[in-house]
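Here's the structure we're looking at; comments come further down.
Keep in mind that what you see is a predicted model, and the values were worked out from it rather than measured.
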Amino acid sequence: GEGGGSVVSMRFIHGVLYCSTYAAVHAIFFAAGDGADESDAACSLDVLPVSSSRVPPRGLDDPHPSSPSPTVAALRGPHILTYHSGGLLVSTSAGPRLLPLSHPLIRIGALLAAGLVDRARRWVVATPPPCHDGLASFLARRGHPGLALGDLSSMSLVGHVDLCIRRDRAGLLEACLLDRERPADAARQVHEWDRGRGAGSSPSSYSLYGAVCLYLLGKSRIESAERWLSLGAESGVEGLAAESARISALVLSGGPDKEI
């Protein structure tokens with residue numbers, strides 16, 4: 001990142017690790033468990049820039065709430081001191097600096113790390129709809145998938161489905177896919193996403209459409225799995241109907257080795 005080099009200082013403050021090099025300061029957010037597979041924890045770090053002595057290559061005009069740009073400040077070997085008045089107080093060779101922590105993603109992460117979920121939710125609900133998918137992933141890594149699933153109404157269907165499966169929210173998955181006004185549209189949208197990835201194009205490949213069925217079966221939601229497959233079979237979309245038949249033959253009938 002900007003201002004790379006040896007670590008000068010680091011300090012945990014309210015659950016967030018702030019780390020500085022000679023010319024930059026970063027906030028490091030660690031994974032938080034919520035009952036999901038903790039083997040993903042090592043891959044769930046988020047390192048966000050707070051401040052830098054250098055203007056980043058992409059510039060400073062960065063209104064996107066999911067990709068903060070660092071504020072530019074004269075740092076020169078900053079040492080992390082403490083949190084103060086909504087910012088991060090650091091000591092530099094040029095004197096103390098109060099670095100703002102006002103970017104929405106940094107603010108949400110800091111509030112969640114400090115256990116201030118209600119205050120974080122205010123920032124979550126104020127996030128522009130185009131940023132909902134990215135923020136949902138960030139919230140899940142912080143151990144708060146419920147905030148994403150409950151408060152980010154403009155998440156894409158595929159993002160919603162993926163989060164429900166990864167974070168074991170079977171009831172919300174059923175509501176998202178089957179309790180809507182036009183559930184057949186949900187099956188088509190998932191299939192279109194699969195087509196874009198080339199998923200399910202061979203007997204050895206798996207699709208999100210199939211993953212939904214397998215997940216529902218694994219949760220003993222048999223009627224929901226059967227309904228999901230029937231939506232594909234009756235969709236009138238050749239590829240989706242074929243995928244539904246393939247999954248039905250392999251799963252609901254007991255698999256290819258079952259004696260009939």
Residues in side-chain hydrogen bond (donor to acceptor under 3.5 Å, both in side chains) contact with Ser156, at least two apart in sequence or another chain: Asp133

Side chains of residues 110-124: which donor-acceptor pairs under 3.5 Å do they make with residues two or more places apart or in other chains?
from, atom 1, to, atom 2, distance (Å)
Asp118, OD1, Arg121, NH1, 3.2
Arg121, NE, Asp151, OD2, 3.0

Hphob cluster co-occupancy, Val25 + Val8, side-chain heavy atoms under 4.5 angstrom: no

Expected output: side-chain Arg11 to main-chain Tyr18 donor-acceptor under 3.5 Å: no

Sidechain-backbone polar pair: Ser51 side chain, Thr71 backbone, donor-acceptor under 3.5 Å: yes

CG-CZ distance between Leu17 and Phe12, expressed to the nearest 0.5 angstrom: 4.5 Å

Note, Leu173 side chain near Leu178 side chain (heavy atom, < 4.5 Å): no

Step-by-step side-chain contact (heavy atoms from CB on, under 4.5 Å) determination, Phe29 to Val16: CA-CA 6 Å; Phe29 299 95; Val16 181; 3.6 Å; yes

Same apolar cluster (I L V M F W Y, side chains within < 4.5 Å links), Ile222/Leu229: yes

Test item: Arg166 side-chain N/O and Val161 main-chain N/O as donor-acceptor pair under 3.5 Å: no

Residue pairs, two or more places apart or on separate chains, that pass salt bridge (Lys or Arg N to Asp or Glu O under 4.0 Å) and touch residues 209-224: Asp168-Lys219, Glu174-Arg221

Contacts of His160 that satisfy side chain to side chain contact (heavy atoms under 4.5 Å, CB included) - sequence neighbours left out: Leu149, Met155, Cys164, Cys176

ILVMFWY network linking Val190 to Val237, side-chain heavy atoms under 4.5 angstrom: yes

Nearest non-hydrogen partners of Ala233 and Ala241, listed with the distance: O-CB, 4.0 Å

Counterpart residues, ring-ring contact (aromatic ring centres under 6.0 Å, His included), relative to Tyr215 (two or more places apart): none

His132 vs Thr127 side-chain heavy atoms within contact, under 4.5 Å: yes

Set of residues satisfying side chain to side chain contact (heavy atoms under 4.5 Å, CB included) with respect to Cys19, sequence neighbours excluded: Val7, Met10, Ile28

Test item: Arg180 and Leu157 side chains (from C-beta on) under 4.5 Å apart, heavy atoms: yes

Sidechain-backbone polar pair: Ser248 side chain, Ser244 backbone, donor-acceptor under 3.5 Å: yes

Side-chain donor/acceptor of His144 to backbone N/O of Gly146, under 3.5 Å: no

Identify every side-chain donor-acceptor pair in residues 85-98 under 3.5 Å, counting partners at least two apart or on other chains, and give the distances.
from, atom 1, to, atom 2, distance (Å)
Thr92, OG1, Leu75, O, 3.4
Thr92, OG1, Ala94, N, 3.1
Thr92, OG1, Gly95, N, 3.2
Thr92, OG1, Gly95, O, 2.6
Ser93, OG, Arg76, O, 3.4
Arg97, NE, Ala74, O, 3.4

Side chain proximity check, Gln189 to Val158, heavy atoms < 4.5 angstrom: no

Sub-4.5 Å side-chain heavy-atom contact between Ser69 and Pro49: no

With sequence neighbours excluded, residues passing ring-ring contact (aromatic ring centres under 6.0 Å, His included) with Tyr209: Trp228

Shortest non-hydrogen contact from Arg54 toward Ala23: NE-CB, 4.4 Å

Shortest non-hydrogen contact between Gly232 and Leu240, atoms and distance: CA-CG, 3.7 Å

Sub-4.5 Å side-chain heavy-atom contact between Ile108 and Leu139: yes

hydrophobic_cluster_shared for Leu214 and Leu216, side chain cutoff 4.5 Å: yes

Pro145 versus Gly143, closest heavy-atom pair with distance: CD-C, 3.3 Å

Asp46 and Phe30, any side-chain heavy atoms less than 4.5 Å apart: no

Gap separating the CD1 atom of Ile165 from the CG atom of Leu172, nearest 0.5 angstrom: 12.5 Å

N/O donor-acceptor pair under 3.5 Å between Ser20 side chain and Ser9 backbone: yes

Partner set under side chain to side chain contact (heavy atoms under 4.5 Å, CB included) for Ala184, not counting sequence neighbours: Arg188, Leu231

Counterpart residues, side-chain hydrogen bond (donor to acceptor under 3.5 Å, both in side chains), relative to Asp179 (two or more places apart): none

Nearest heavy atoms of Gly210 and Ser207, plus distance in Å: N-OG, 3.0 Å

Where Pro100 and Val50 come nearest, the two heavy atoms and their spacing: O-CG1, 3.9 Å

Value rounded to 0.5 Å, distance of CZ in Arg227 from CD in Glu234: 10.5 Å

